Amino acid sequence: MGAYEDILKLGQVSLRAAALSDIGKVRQNNEDAFALLPEKGLLIVSDGMGGMQGGEIASNIVVTLLPGMVERRLISLSVEEKDTTCLALRDTLVDLSQKVREESIGRHGLAGMGATVVLACIRGDQAFIAHLGDSRAYLFRAGHLTLLTNDHSVVGILLRTGEITPEEAKTHPARNVLSRYAGMEETAYADVQAVPLSIGDRLLLCTDGLTGMVRDEAIAEILAHSGDLQVACQSLVDAANAAGGHDNVTVLVAEWRSNDAR
Ligand code: CA
């Protein structure tokens with residue numbers, strides 16, 4: 001999937017976004033997918049998993065169905081209703097997970113398929129961030145990169161409880177096992193938060209093909225030195241591939257900027 005760039009204008013500010021997905025250096029197919037819909041204030045990245053074509057199918061269900069589901073769920077809510085919007089997004093991802101699950105049942109070779117989801121939904125000057133799995137959202141503000149999401153993975157849980165060190169996490173046998181994802185048997189409750197945006201903020205949504213290969217410090221460095229969003233996406237993908245490209249890598253970078261600026 002190539003690079004795309006698009007823009008949403010809201011009075012004095014605009015949301016500009018670009019994305020890039022790459023197969024990496026090792027894998028035979030790309031199971032990542034993204035939806036870049038800044039005109040709807042919606043940005044989504046998904047990382048599929050499962051045998052046969054399951055991973056590709058699962059992530060494609062996510063990026064194809066989720067935009068309409070979010071739109072229908074939020075249409076009657078005002079931008080001020082932050083808590084209600086968070087709950088609505090959580091409910092939407094519960095439904096989405098169920099749909100992925102239904103698609104997997106009874107179709108040959110698709111049992112157990114699933115996908116991560118990380119989405120940013122921009123309403124007013126708030127970015128609502130929701131996720132399932134180990135695809136991540138970061139906020140890059142005033143030169144600092146902040147991780148907004150907690151990986152829904154077995155290793156992520158062990159790290160947060162201090163049972164293993166970051167070094168041990170890299171080689172842990174369960175490092176690819178997700179504790180939450182779209183398509184899981186149990187109800188998939190996403191974490192949802194509202195992040196107030198400031199002019200100049202950048203949001204990065206990405207799959208673990210980036211974060212498994214490139215340290216946060218290097219990601220911050222690239223975001224700090226790439227004025228152009230497509231260049232930023234390409235540089236992030238290049239960094240993952242230069243580090244070995246062990247996985248598919250997908251990055252989506254959005255910027256909240258003043259229309260007075262260049
Ligand atoms: Ca991956």
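Ligands are counted one by one from 1 in listed order, and the atoms in each one are counted from 1 as well. These values consider heavy atoms only, across backbone and side chains, with no hydrogens, waters or symmetry-generated copies. Remember, predicted model here, so these are calculated numbers, not experimental data.
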Considering only distance and modelled atom types, tabulate donor-acceptor pairs under 3.5 Å from the side chains of residues 104-122, sequence neighbours left out.
| unit_1 | atom_1 | unit_2 | atom_2 | d |
| --- | --- | --- | --- | --- |
| Ser104 | OG | Arg101 | O | 2.7 |
| Arg107 | NH1 | Glu103 | OE1 | 2.6 |
| Thr116 | OG1 | Asp47 | N | 3.0 |
| Thr116 | OG1 | Ser135 | OG | 2.6 |

Joining Ile, Leu, Val, Met, Phe, Trp and Tyr whenever any side-chain heavy atoms lie under 4.5 Å apart, the cluster holding Met49 also takes in Leu178, Tyr181, Met184
Here the pair of heavy atoms bringing Thr149 nearest to Arg136 is OG1-CA, 3.4 Å
Between Leu36 and Ala17, the two heavy atoms sitting closest are CD1-CB, 3.5 Å
Nearer than 3.0 Å to the Ca ion (ligand 1), the protein contributes N, O or S atoms numbering 3
Would you give me the side-chain donor-acceptor pairs under 3.5 Å for residues 153-161, sequence neighbours excluded?
| unit_1 | atom_1 | unit_2 | atom_2 | d |
| --- | --- | --- | --- | --- |
| Ser153 | OG | Gly156 | N | 2.9 |
| Arg160 | NH1 | Asp151 | O | 3.3 |
| Arg160 | NH1 | Gly156 | O | 3.4 |
| Arg160 | NH2 | Asp151 | O | 3.2 |
| Thr161 | OG1 | Ile157 | O | 3.0 |
| Thr161 | OG1 | Leu158 | O | 3.1 |
| Thr161 | OG1 | Glu163 | OE2 | 3.1 |

Is the closest side-chain donor-acceptor distance between Thr207 and Asp32 under 3.5 Å?
yes
